[in-house]
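In this chain, numbering begins with 1 at the start of the sequence shown. All ligand and atom numbering here is 1-based and tracks the order in the structure.
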Amino acid sequence: MLNLRWVDLPGDLAALENLVARIEEHDGHPAMGERKYFHLLDSPSDSDAFPPGLVAEDDGGRMVGYLATLEEDSRLWTVEAAVSPDCRSDGHLTHLLAEAGRAVGNRGGRSVRLWAYVPELARAAERAGFVLERELYHMRVPLPLGERPQFPPEIAIRGFRDGLDEDAWLEGNNRAFAGHPENGNWAFADLERRRRRPWFSSEGLRMAWDGDDLAGFCWTKVPSSGAGEIYVIAVLPGYQGRGLGRALLLEGIRHMHERDRAPACVLYVDASNLPAVNMYRSMGFRHHHTDRSYLGQLRANGPGGG
Ligand SMILES: CC(C)(COP(=O)(O)OP(=O)(O)OC[C@H]1O[C@@H](n2cnc3c(N)ncnc32)[C@H](O)[C@@H]1OP(=O)(O)O)[C@@H](O)C(=O)NCCC(=O)NCCS
């Protein structure tokens with residue numbers, strides 16, 4: 001039997017970081033999405049603040065799971081469950097989903113968006129009547145690629161200039177990703193939070209300029225070991241369809257491989273984003289796995305579909 005309680009901060013933080021690291025090592029996949037992780041780290045620890053998630057413990061009081069809970073609007077909540085591999089039985093996961101639904105329902109939530117990173121959780125969501133909402137492909141390619149980036153002569157490439165490029169980058173990003181649930185509508189604080197992460201390097205954010213106008217960018221992320229990641233890539237609407245996306249992707253990959261010796265490149269892309277999926281496939285990226293989000297309506301006795 002697993003028991004759920006609201007997370008207690010900062011007291012639970014060290015054990016949580018430990019749990020998340022163990023799950024990541026086992027799954028070879030981040031245990032929690034970045035937005036939920038920032039939500040956890042940024043949450044104030046005073047007793048009046050609403051906790052950012054639920055902790056699951058076994059009967060012996062061992063922490064075996066964390067369910068991030070993020071209020072999207074007054075009715076819709078995102079729930080993301082990181083559960084220890086030895087606690088992913090049908091019974092455990094079904095119980096956790098029902099309890100999380102109850103906790104969110106008690107806070108006024110009426111529906112739950114659930115991100116499933118492991119197949120056991122996806123199956124539990126489907127059994128509970130959740131409906132598939134969105135698929136995110138994880139794609140990868142071994143490096144180096146044979147192809148070098150080629151830009152038209154009017155385009156200049158340089159790294160992000162701290163203190164100079166913030167506004168242009170934010171404006172460009174928000175135009176290229178208008179309406180996107182995670183990448184769109186970023187504020188200065190969203191950019192700053194990423195710039196404080198250990199993986200951030202200004203040079204790793206490659207920017208393509210047409211004179212004073214930003215034409216596109218490729219933001220790379222190299223963790224301390226392993227594959228490099230295309231974190232965000234975009235070409236501004238007026239510059240799309242002319243080969244700039246391909247050139248920027250090659251530029252980001254060249255940078256990661258030459259500077260950081262990244263042995264492979266990975267990225268996440270919405271399955272429905274055909275221009276991007278086509279671009280990655282045509283450059284040798286292959287599908288590795290799929291993350292899925294599900295939508296469930298809360299009923300009096302827990303979550304379900306319809
Ligand atoms: C995805 C994106 C970066 C592509 O940039 P781009 O400069 O338009 O792409 P390119 O002109 O270099 O085209 C490269 C390949 O992408 C694919 N592609 C580009 N536009 C496409 C479209 N409208 N439909 C289908 N495939 C398309 C093609 O495979 C193309 O190769 P081809 O020209 O040999 O057929 C751009 O559409 C964009 O910024 N979109 C918004 C932000 C975004 O979704 N970023 C990716 C997040 S993972």
Side-chain angles (χ1 to χ4, degrees), residues 29-30 33-35 115 117 133-141 143 145-160 165 167-187 190-191 194 199-200 204-211 213-223 227-256 262 264-293:
H29 184 291
E34 188 178 58
R35 204 160 63 101
W115 274 102
Y117 297 144
E133 185 190 28
R134 206 172 140 207
E135 289 188 307
L136 210 54
Y137 290 161
H138 180 103
M139 301 180 83
R140 58 169 59 216
V141 67
L143 300 185
L145 297 184
E147 200 178 337
R148 307 278 302 177
Q150 283 185 325
F151 291 95
E154 69 277 15
I155 297 292
I157 302 297
R158 54 178 179 250
F160 182 85
D165 288 340
D167 289 346
W169 184 84
L170 275 170
E171 209 230 303
N173 179 75
N174 290 344
R175 274 181 57 210
F177 284 102
H180 191 279
E182 284 100 25
N183 291 65
N185 206 18
W186 276 30
D190 297 306
L191 173 60
R194 271 83 181 173
W199 52 260
F200 179 78
L205 174 39
R206 312 299 297 157
M207 301 179 83
W209 294 92
D210 177 7
D213 296 328
L214 182 64
F217 62 88
C218 179
W219 188 347
T220 63
K221 173 176 173 180
V222 182
E229 180 179 335
I230 300 297
Y231 182 57
V232 195
I233 181 169
V235 171
L236 275 289
Y239 292 90
Q240 290 177 5
R242 302 193 226 157
L244 202 51
R246 187 180 186 89
L248 271 166
L249 183 58
L250 287 168
E251 168 63 14
I253 287 173
R254 178 203 65 73
H255 179 82
M256 286 194 288
C265 179
V266 300
L267 54 82
Y268 288 92
V269 57
D270 254 301
S272 62
N273 187 345
L274 285 184
V277 172
N278 283 346
M279 178 171 79
Y280 301 139
R281 280 208 181 110
S282 78
M283 294 173 65
F285 281 82
R286 293 294 170 258
H287 175 267
H288 185 262
H289 64 260
T290 304
D291 293 339
R292 296 185 168 84
S293 82

Under 4.0 Å from one or more heavy atoms of Tyr268, ligand 1 contributes atoms 48 (S)

Report the part of Tyr137 (side chain from C-beta onward, or backbone N, CA, C, O) that has a heavy atom under 4.0 Å from ligand 1; answer both or neither where that applies. neither

Within a distance of under 4.0 Å, is there any protein heavy atom near atom 46 (C) of ligand 1? yes

side-chain contact (heavy atoms from CB on, under 4.5 Å), that's the test. Do Met139 and Arg281 meet it? Break it down for me. CA-CA 9 Å; Met139 301 180 83; Arg281 280 208 181 110; 3.8 Å; yes

Under 6.0 Å between ring centres, would you say that holds for Phe160 and Trp169? no

More than 12 non-hydrogen atoms from neighbouring residues, nucleotides or ligands closer than 6.0 Å to CG on Asp167, yes or no? no

Counting only heavy atoms on the protein side, is anything nearer than 4.0 Å to atom 8 (O) of ligand 1? yes

Taking atom 37 (O) of ligand 1 as the point of reference, which of Gln240, Arg175, Arg281 owns the nearest heavy atom? Gln240

Ion pair Glu154/Arg242, N-O distance below 4.0 Å: no

Evaluation steps, side-chain contact (heavy atoms from CB on, under 4.5 Å), between Asp165 and Phe217: CA-CA 12 Å; Asp165 288 340; Phe217 62 88; over 6 Å; no

Who's the nearest protein heavy-atom neighbour of atom 16 (O) of ligand 1, and how far? Met279 CB, 3.2 Å

Provide, to 0.1 Å, the distance between atom 20 (N) of ligand 1 and the closest protein heavy atom, together with that atom's residue and name. Pro275 CB, 3.7 Å

Do we see a donor-acceptor contact under 3.5 Å between the side chains of Glu34 and Tyr231? yes

Which of the numbered atoms in ligand 1 are under 4.0 angstrom from any heavy atom belonging to Ala234? 39 (O)

Here the atoms of ligand 1 under 4.0 Å from any heavy atom belonging to Arg242 are 11 (O)

Any nitrogen or oxygen of Gly243, main chain or side chain, under 3.5 Å from a nitrogen or oxygen of ligand 1? yes

Hey, does the side chain of Asn278 reach the backbone of Pro275 with a donor-acceptor pair shorter than 3.5 angstrom? no

Could you tell me the residue and atom name of the protein heavy atom closest to atom 41 (C) of ligand 1, and the distance to it rounded to 0.1 Å? Ala176 O, 3.6 Å

Heavy-atom nearest neighbour in the protein, as seen from atom 28 (C) of ligand 1, with distance rounded to 0.1 Å: Asn278 CB, 4.1 Å

Which atoms of ligand 1 sit under 4.0 Å from any heavy atom of Tyr280? 46 (C), 48 (S)

Verify the contact flag for atom 13 (O) of ligand 1, where contact means a protein heavy atom under 4.0 Å away. no

Heavy-atom donor-acceptor pair, Asn183 side chain to Asn173 backbone, under 3.5 Å: no

Within the protein, is there a heavy atom lying under 4.0 Å from atom 34 (O) of ligand 1? no

Quick one: which ligand 1 atoms are inside 4.0 Å of a heavy atom on Arg246? 12 (O)

Worked check of side-chain contact (heavy atoms from CB on, under 4.5 Å) between Val232 and Phe177: CA-CA 10 Å; Val232 195; Phe177 284 102; 3.5 Å; yes

Parallel, tilted or perpendicular, judged at 30° and 60°: which one describes the rings of Trp219 and Trp186? perpendicular

Under 4.0 Å to a heavy atom of Gly245 - the qualifying atoms of ligand 1, by number: 5 (O), 6 (P), 7 (O), 9 (O), 12 (O)

Applying a heavy-atom cut-off of 4.0 Å, say which part of Asn273 lies close to ligand 1: side chain, backbone, both or neither. side chain

Nearest neighbour in protein (non-hydrogen) for atom 43 (C) of ligand 1: Phe177 CE2, 3.5 Å

Check for a donor-acceptor pair, side chain of Ser293 on one end and backbone N or O of Glu133 on the other, with a separation under 3.5 Å. no

Anything under 30° is parallel, anything over 60° is perpendicular, the rest tilted; go ahead and classify His29 against His138. tilted

Which protein non-hydrogen atom lies closest to atom 39 (O) of ligand 1, naming both residue and atom, and how far is it? Val235 N, 2.7 Å

